[in-house]
Amino acid sequence: MAWSRAQFLVRGLAFLKQTERMTRFDKQSSENRYNPSELEPEWQKRWEQLGLNRTPEPSAKRSENFFALSMFPYPSGNLHMGHVRNYVITDVIARQQRLKGKKVLHPMGWDAFGLPAENAANERGVDPADWTIQNIEQMRVQLKKLGLSIDWEREISTCNPSFYKWTQWLFLQFFAAGLAYQKEANVNWDPIDKTVLANEQVNSEGRSWRSGALVEKRKLKQWFLRITDFADDLLTDLDGLNGWPERVCTMQANWIGRSRGAQFSFKLEQAERDLNEPDLNLDVFTTRPDTIYGVTYVVLAPEHPLVAKLTTKQQQESVKSFQEEVAAKSELERMAEDQDKNGVALGGTVIHPLTGKIIPVWIADYVLPDYGTGAVMGVPAHDKRDYSFAKKYNLAIQNVILKAGNDANHDPNQAFTELGILENSENFNGLEGEQAKQAIISKAEEEGFGIGKTTYRLRDWLISRQRYWGCPIPVVHCNICGVVPVPVEKLPVKLPKRGEPVASIPCPTCGRDAKPETDTMDTFMCSSWYYLRYTDTENQDLPFAKQTASKWLPVDQYVGGVEHAILHLLYSRFFTKALAKKDLISFNEPFKHLLTQGMVQAITFRNPKTEKYIAPTEVLDISNPLDPGDGTLLDVYYEKMSKSKYNGVDPGVVIDKYGADTARMFILFKAPPEKDLEWDDADVEGQFRFLQRIWRLCQSAKDRNSRIQLNLNNAFGELNAKNKDIRRAVHTAIKAISEDLSGEELQFNTAISELMKLCNTLTTHLEEANENVAGEAIAALLILLAPFAPHLADELWMQLGGVDSVHQQKWPIEDEKALITDTITIILQINGKVRDNLHVAPDIDADTLKKLALESDASKKWLEGAEPKRIIVVPGKLINLVS
RNA sequence: GCCCGUGUAAUCCAACGGCAGAGAUAAGCGACUUAAAAUCGCUCCAGUGCGGGUUCGAAUCCCGCCACGGGCACCA
């Protein structure tokens with residue numbers, strides 16, 4: 001779709017002219033023109049006065065309450081389109097649930113701690129607290145312009161001591177339960193943001209999710225939460241999350257990364273240990289216990305603690321230099337795909353637990369220190385990595401698995417990695433696959449050299465951050481007592497003013513001066529439980545009361561970006577499970593239904609030579625986009641809105657121009673919510689035009705000779721065909737929209753298209769409707785519209801004399817009788833091809849239909865006199881004659 | 001390499017296994033107008049990424065590919 005520059009200008013001018021005229025006109029008669037900029041603020045004020053968005057007392061029956069939640073924003077100070085999409089989706093759901101009679105909790109808050117605020121504040125030389133509070137003020141104003149039905153009395157901010165007191169309280173609960181602990185570990189260090197990061201916050205390229213910096217490994221003592229205790233629950237409970245998109249569940253499952261297998265112990269040969277020492281074991285983890293007879297060597301990570309013990313004198317030099325070489329490599333280099341595998345023999349040996357053979361021990365860069373046991377049994381015949389390693393260093397290769405169901409053995413020039421039948425495995429020969437694995441694990445358990453074991457890729461969650469602007473970790477370091485938690489009654493441990501020296505405080509145990517912890521918590525700690533606080537924001541004694549929380553939670557509908565598939569959504573699930581275990585809550589999954597909305601994208605132009613983005617306003621002809629500088633033909637993409645790509649659209653500008661209702665309608669209509677959405681100014685205008693059509697329709701309804709009553713319960717009596725048609729259109733729309741909003745898939749786009757259809761029908765035919773039918777039709781239209789375009793719907797509701805606010809009405813229920821037609825159309829197929837339509841009574845029986853079909857001209861023509869062998873009748877739909 | 005998603009008109013998107021089109025955008029034509037805008041009406045445009053299969057009937061289900069997007073990945 002290509003616009004010339006001229007077209008852009010013409011459109012822009014046309015719009016200007018129109019708005020000018022509109023404003024002038026509206027001063028005389030605001031009733032006859034749709035003027036959102038005038039009417040929207042008025043309605044927002046009125047709803048506030050009426051308290052329509054306040055959270056009602058929850059019902060004792062959980063099913064009568066509805067918790068609609070958007071992922072709360074980080075207060076950057078600027079609302080962007082992604083926010084708009086997120087909150088509008090949740091708002092439609094909240095508004096519709098209210099109309100359906102539910103008690104709705106629809107709150108908003110601020111994920112206010114974190115690096116960006118601190119960085120931004122540092123750049124500007126202001127206090128992060130001031131900066132953040134100012135941003136919140138600004139964004140609240142912007143958000144309110146969207147007409148969201150948010151209960152602002154429950155607003156929370158994670159940087160407020162009244163909130164973070166409870167984050168600290170929860171930390172202490174975790175600490176008391178042994179779920180929070182300190183350990184020295186190799187952690188991810190972000191050199192740009194100068195802090196450590198959790199594994200989840202480093203992408204697969206080894207970069208920080210926020211700063212984009214390549215992370216470094218550093219050995220540091222840090223705070224962790226024992227999320228791995230819940231690894232299995234977190235994985236298996238994914239099966240019960242039917243309201244979640246499958247891909248999010250898959251991503252979490254991948255991340256948790258469960259592997260079932262076995263751990264085997266290889267005894268160190270006596271030569272490698274002091275004879276006075278007890279036996280030393282080298283433990284390996286494998287998912288293929290069935291290949292144990294194929295072990296021809298064992299490999300350790302270079303960092304493995306037994307390396308020194310297993311290194312012989314002759315090998316000391318080369319081992320040491322290899323270790324240094326590996327240590328010098330970045331994580332990324334070491335992990336790079338298809339990397340040549342390098343290693344060094346230690347000289348030491350271990351004993352195969354089953355065959356008693358002497359097995360050489362190596363170290364190699366392809367073995368990771370922190371997965372499994374940091375040691376691998378080398379089975380080159382049946383593992384690709386082991387194979388290439390064995391080939392490179394001339395290690396023995398022992399086949400122990402035969403391809404099942406086939407005499408021919410596998411290609412000897414590569415590892416055979418599938419399950420198969422065991423050979424060269426003593427008593428286990430002939431066993432197959434899983435059975436063989438089990439048999440060998442049993443044997444190991446009997447003889448005590450091994451055990452069936454499951455390992456996870458998931459690591460404990462590193463929560464300390466070496467940053468100022470975060471929730472203080474409520475512990476002190478005492479020279480005598482060590483790490484001491486701050487007692488609950490001393491909470492909150494307040495964040496000192498920026499730049500203030502950290503004063504020592506008395507140790508809770510011994511009373512001597514102690515140093516408060518200066519690291520702060522990962523902001524994901526705050527977001528892991530904020531949704532609980534919304535249910536009980538005034539509680540002074542607890543973060544939330546169990547009873548109160550259980551009236552609203554788990555969240556009925558959660559909406560947010562898919563970028564949190566692993567981060568926030570996994571942490572929150574972990575928190576929920578940990579809190580449930582402590583009996584602080586009565587459920588073990590936080591979010592029943594999850595909608596991950598797609599990105600808001602807009603057109604971008606990039607010069608393929610310079611790789612620079614060109615602003616769309618600089619491009620003269622979009623059908624032939626050229627760089628105004630060097631005339632190069634530009635690449636055209638749709639990409640996420642961003643400043644650096646010059647493709648951002650400011651929601652404020654759109655609202656000023658067209659109103660919030662148009663912005664809402666456009667965003668909901670343009671694409672299904674979970675798909676990416678391409679911003680298009682022309683489509684925005686299209687939505688504006690649609691709202692104007694509704695406006696005009698209602699103006700003409702108002703001007704009718706016979707006064708209509710907005711009422712869903714009008715009495716109708718016997719109606720003529722026209723009136724029946726109108727009622728059918730109305731109730732078809734009610735049914736379709738109700739379904740679009742209630743299924744597992746929320747389909748706002750098709751719901752809006754139903755509204756358009758209804759509007760079109762009523763525009764043409766409302767004149768012909770009697771006043772009761774017209775009253776029902778308009779009432780239904782406005783109530784159906786209310787969740788989407790709340791201001792316009794309420795304005796028209798009022799203009800037409802509706803009772804109360806449109807948002808206080810009942811969601812309509814379709815009248816099945818109104819949907820019935822006098823005749824229905826049956827598709828007549830001959831041999832699967834559509835040949836005719838039959839117009840018949842809706843309750844026609846199959847035999848009559850068959851008779852009708854056989855008598856039709858079409859069947860005579862296409863069957864050519866042949867008797868059909870088969871007749872398929874789909875009631876109410878079609879009949880297929882097969883010859 | 002493994003896993004998930006998507007692929008329909010110029011564009012964005014619809015179609016419980018049953019007439020490929022609900023809705024919109026763009027384009028074109030017409031009506032209204034002195035004219036333009038707005039408005040209203042009409043028209044144009046795909047056989048559903050490719051190849052097989054199941055079925056009376058496939059965009060939809062199955063198998064094998066391709067393209068794009070995403071997740072995991074030397075994870076033992």
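The sequence lines fix the lettering, A, B, ..., with proteins before strands; numbering per chain opens at 1. Please read all numbers here as calculations on a predicted model, not as lab measurements.
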### Task
Could you let me know what B:rG57 is paired to, Watson-Crick or G-U wobble, both distances under 3.5 Å, or none if it's on its own?
none
### Task
Verify the neighbour count for atom CD of A:Glu768: are there more than 12 heavy atoms of other residues, nucleotides or ligands below 6.0 Å?
yes
### Task
Assign A:Gly257 to base, sugar-phosphate, or nothing according to its heavy-atom contacts below 4.0 angstrom with the strands shown.
nothing
### Task
Write down the distance between NZ (A:Lys675) and P (B:rA24), rounded to a whole number of angstrom.
19 Å
#### Entry: Touch class at under 4.0 angstrom, heavy-atom based, for A:Tyr456 against every strand present
nothing
#### Entry: Whole-angstrom distance between B:rG41 and B:rC56, as gauged at atom P
45 Å
### Task
Grab the CZ-P distance between A:Arg260 and B:rC75 for me, whole Å please.
19 Å
### Query
Can you tell me how far P of B:rU6 sits from CG of A:Leu677, to the nearest Å?
18 Å
### Euclidean distance for P, B:rC62 against B:rA58 (whole angstrom)
15 Å
### Task
Determine the Euclidean distance between corresponding P atoms of B:rU48 and B:rU43; express it in Å to zero decimal places.
25 Å
### Query
Is any side-chain nitrogen or oxygen of A:Arg385 closer than 4.0 Å to OP1 or OP2 of B:rC75?
yes
### Message
Roughly how many Å apart are B:rU25 and B:rG64, using the C1' atom of each and rounding to a whole number?
### Response
37 Å
### Phosphate OP1/OP2 of B:rC13: any A:Thr750 side-chain N/O under 4.0 Å
no
### Task
Using a heavy-atom cut-off of under 4.0 Å over every strand shown, decide if A:Gln747 touches base, sugar-phosphate, or nothing.
sugar-phosphate
### Message
It should be established whether A:Arg689 places a side-chain nitrogen or oxygen under 4.0 Å from OP1 or OP2 of nucleotide B:rU25.
### Response
yes
### Task
Determine the Euclidean distance between corresponding C1' atoms of B:rA31 and B:rC50; express it in Å to zero decimal places.
47 Å
### Heavy-atom side-chain proximity of A:Asp836 to A:Ser859 below 4.5 angstrom
no
### Message
What's the gap between B:rU8 and B:rA15 when it is taken at their C1' atoms, as a whole Å value?
### Response
10 Å
### Protein-nucleotide distance (A:Asp683, atom CG; B:rA24, atom C1'), rounded to Å
6 Å
### Whole-Å distance separating the CD1 atom of A:Ile826 from the P atom of B:rC56
21 Å
### Query
Using the glycosidic torsion, which applies to B:rG47: syn (within 90° of 0) or anti (everything else)?
syn
### Query
When the P atoms of B:rC4 and B:rU11 are considered, how many whole Å apart are they?
29 Å
### Query
Taking side chain as C-beta onward, heavy atoms only, is A:Val376 less than 4.5 Å from A:Val284?
no
### Message
Taking the side chain as everything from C-beta on, heavy atoms only, tell me whether A:Tyr571 gets closer than 4.5 Å to A:Glu200.
### Response
yes
### Task
Tell whether A:Gln829 reaches the base of B:rG18 with its side chain through a donor-acceptor pair below 3.5 angstrom.
yes
### Query
What distance do A:Arg573 atom CZ and A:Ile256 atom CD1 have between them, rounded to the nearest 0.5 Å?
6.0 Å
### Message
Once you apply a heavy-atom cut-off of 4.0 Å, does A:Val882 come out as touching a base, just sugar-phosphate, or nothing?
### Response
sugar-phosphate
### Task
Check whether more than 12 heavy atoms from other residues, nucleotides or ligands sit under 6.0 Å from atom CD of A:Glu816, and answer yes or no.
yes
### Message
What's the gap between B:rA59 and B:rC19 when it is taken at their P atoms, as a whole Å value?
### Response
10 Å
### Salt-bridge contact A:Arg258-A:Asp232 (side-chain N to carboxylate O under 4.0 Å)
yes
### Side chain of A:Arg696 - closest among B:rC56, B:rC13, B:rU39
B:rU39
### Task
Compare side-chain N and O positions of A:Asn749 against OP1 and OP2 of B:rC12 and report whether any pair is under 4.0 Å apart.
no
### Task
On RNA chain B, check which nucleotide each of A:Pro672 and A:Gly374 is closest to and give me the residue with the more 5' one.
A:Pro672
### Message
OP1 or OP2 of B:rA24 versus the side-chain N and O atoms of A:Asn760: is any pair under 4.0 Å?
### Response
yes
### Task
With salt bridge (Lys or Arg N to Asp or Glu O under 4.0 Å) as the test, would you mind laying out the steps for A:Arg459 and A:Asp370 before giving the verdict?
CA-CA 9 Å; A:Arg459 299 299 139 76; A:Asp370 50 2; 3.6 Å; yes
### Query
If pairing requires Watson-Crick or G-U wobble contacts with both distances under 3.5 Å, which nucleotide is the partner of B:rG7?
B:rC66
### Query
How long is the line joining CD1 of A:Ile694 and C1' of B:rA24, in whole Å?
14 Å
### Query
Is there a donor and acceptor pair, one atom on the side chain of A:Lys670 and one on the base of B:rC12, closer than 3.5 Å?
no
### Spacing between A:Leu567 atom CG and B:rG71 atom C1', to the nearest angstrom
12 Å
### Task
Could you tell me which nucleotide pairs with B:rA27 by Watson-Crick or G-U wobble geometry, both distances under 3.5 Å, or answer none if nothing does?
B:rU43
### Message
Tell me which nucleotide, if any, is Watson-Crick or G-U wobble paired with B:rG1 when both distances must be under 3.5 Å.
### Response
B:rC72
### Query
Can you check the A:Arg258 CZ to B:rC3 P distance for me, whole Å?
18 Å
### Message
Please classify the nucleic acid contact of A:Lys757 as base, sugar-phosphate, or nothing, using heavy-atom distances under 4.0 Å.
### Response
sugar-phosphate
### Query
Within the structure, does a side-chain N or O atom of A:Arg870 lie under 4.0 Å from either OP1 or OP2 of B:rG57?
no
